[in-house]
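Notes to accompany the following structure.
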Amino acid sequence: MESYEILESTGVATRDMFENLLPSSERRAKGPYIVMECYEEIPCNPCVTSCKFGAVQMEELNKCPHVDYEKCVGCANCVSHCPGLACFMINETVGDGKIDITFPYELKPVPAKGDIVNALDRKGAVVGKAEIVRVLSGPRMDHTNVITMRVDQELIYDARNISLE
Ligand code: SF4
Ligand code: SF4
């Protein structure tokens, strides 16, 4: 089955769809970068308007966003402004076989820095442990909690959310 057919029937993007979005290995080695897992063409563009660095382009409102990775500074502003919860920031420069994944979190209670939680995959299954290393919230984040979890490097595709138990 083709990747997009799998997405349509399961709601879960395949690994190759995710990998096709990634910047060059040189850019990945420089620091945090955004990945916009926005695979379907929908009339939406807060990712464009919320980026103060002009790093997100869209041919027209019904197209998928395109990121200019030379301009993306990894500020996470788009993570909180995306209504589709489709923007994730990844930092592969952490070291010790770990990476940081930043994601929007709309559940309660909100975890605190230092908490050890379960990392969940795209279907909600536990795939490992995560350490919470940053929690952003408030007006600057459009009142959406933006959480950064530290996980094993191999979870770069899988880890997309957390559970606190
Ligand atoms: S992380 Fe910041 S700089 Fe990068 S695309 Fe999002 S808003 Fe723009
Ligand atoms: S704001 Fe989010 S859902 Fe809307 S087009 Fe951008 S990435 Fe997709």
Side-chain angles (χ1 to χ4, degrees), residues 11-13 15 17-19 21-23 27-40 42 44-56 64-165:
V12 176
R15 183 180 282 267
M17 292 173 78
F18 164 71
E19 288 176 348
L21 295 175
L22 294 176
R27 174 61 186 85
R28 290 168 63 181
K30 281 184 183 169
Y33 58 86
I34 203 71
V35 178
M36 296 190 171
E37 295 210 45
C38 185
Y39 299 105
E40 297 178 275
I42 54 173
C44 177
N45 75 345
C47 52
V48 177
T49 57
S50 67
C51 181
K52 300 180 178 73
F53 301 91
V56 189
C64 293
H66 171 77
V67 180
D68 181 342
Y69 284 107
E70 294 307 311
K71 293 181 179 174
C72 175
V73 299
C75 69
N77 207 36
C78 54
V79 175
S80 60
H81 284 76
C82 169
L85 310 181
C87 297
F88 300 88
M89 198 166 68
I90 299 177
N91 182 0
E92 298 185 68
T93 66
V94 173
D96 289 333
K98 300 286 186 182
I99 59 169
D100 287 350
I101 300 179
T102 300
F103 58 99
Y105 190 75
E106 296 186 326
L107 301 177
K108 300 280 185 186
V110 178
K113 182 178 177 180
D115 286 355
I116 303 298
V117 299
N118 291 317
L120 305 182
D121 71 8
R122 295 156 191 271
K123 294 180 179 174
V126 176
V127 289
K129 287 294 179 188
E131 177 190 359
I132 303 301
V133 294
R134 189 173 68 167
V135 178
L136 299 175
S137 55
R140 192 174 80 80
M141 289 290 114
D142 201 27
H143 300 285
T144 294
N145 299 301
V146 174
I147 309 285
T148 300
M149 62 174 157
R150 185 157 295 170
V151 295
D152 291 340
Q153 165 86 43
E154 68 220 33
L155 295 179
I156 187 169
Y157 160 74
D158 293 297
R160 282 300 175 275
N161 210 326
I162 55 169
S163 69
L164 306 191
E165 341 183 305

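We use all heavy atoms of the structure for the numbers below, so side chains are in, but hydrogens, waters and symmetry mates are not.
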[X] (side chain) donor-acceptor with [Y] (main chain) under 3.5 angstrom:
{"X": "Tyr69", "Y": "Ala55", "result": "no"}
{"X": "Arg28", "Y": "Pro32", "result": "no"}
{"X": "Asp100", "Y": "Asn91", "result": "no"}

Non-hydrogen side-chain atoms of [X] and [Y] separated by less than 4.5 Å:
{"X": "Tyr105", "Y": "Val135", "result": "no"}
{"X": "Phe53", "Y": "Asn77", "result": "no"}
{"X": "Pro83", "Y": "Pro46", "result": "yes"}
{"X": "Ser137", "Y": "Val110", "result": "no"}
{"X": "Met89", "Y": "Val146", "result": "no"}
{"X": "Arg160", "Y": "Phe103", "result": "no"}
{"X": "Leu155", "Y": "Met149", "result": "no"}
{"X": "Asp152", "Y": "Lys98", "result": "yes"}

Could you tell me which non-hydrogen atom of Tyr39 sits nearest to which non-hydrogen atom of Ala13, and how far apart they are?
-> CE1-CB, 3.3 Å
Considering all heavy atoms, the nearest Thr144-Pro104 contact |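 That would be CG2-CB, 4.1 Å.
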Show which side-chain atoms of residues 114-122 pair as donor or acceptor with protein atoms under 3.5 Å away, not counting sequence neighbours.
unit_1, atom_1, unit_2, atom_2, d
Asp115, OD2, Ala112, N, 2.9
Asn118, OD1, Lys129, NZ, 2.8
Asn118, ND2, Ser163, OG, 3.3
Asn118, ND2, Glu165, O, 2.2
Asp121, OD1, Lys123, N, 2.8
Asp121, OD1, Gly124, N, 3.0
Asp121, OD1, Ala125, N, 2.9
Arg122, NE, Tyr157, O, 3.0
Arg122, NH1, Glu37, OE1, 2.8
Arg122, NH2, Glu37, OE1, 3.4
Arg122, NH2, Glu37, OE2, 3.1
Arg122, NH2, Tyr157, O, 2.8

Nearest-0.5 Å distance that lies between atom [atom1] in [X] and atom [atom2] in [Y]:
{"X": "Ile90", "Y": "Thr93", "atom1": "CD1", "atom2": "OG1", "value": "12.0 Å"}
{"X": "Cys38", "Y": "Leu85", "atom1": "SG", "atom2": "CG", "value": "11.5 Å"}
{"X": "Ile147", "Y": "Ile101", "atom1": "CD1", "atom2": "CD1", "value": "13.5 Å"}
{"X": "Asn145", "Y": "Lys108", "atom1": "CG", "atom2": "NZ", "value": "5.5 Å"}
{"X": "Phe88", "Y": "Thr148", "atom1": "CZ", "atom2": "OG1", "value": "12.0 Å"}
{"X": "Cys78", "Y": "Met36", "atom1": "SG", "atom2": "CE", "value": "4.0 Å"}

Cys87 pairs by side-chain contact (heavy atoms from CB on, under 4.5 Å) with which of Val67, Val56, Val79?
->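 Passing option: Val79.
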For Ile162 and Ile132, what are the C-alpha separation, side-chain angles and deciding distance, and is it a side-chain contact (heavy atoms from CB on, under 4.5 Å)?
-> CA-CA 10 Å; Ile162 55 169; Ile132 303 301; 4.0 Å; yes
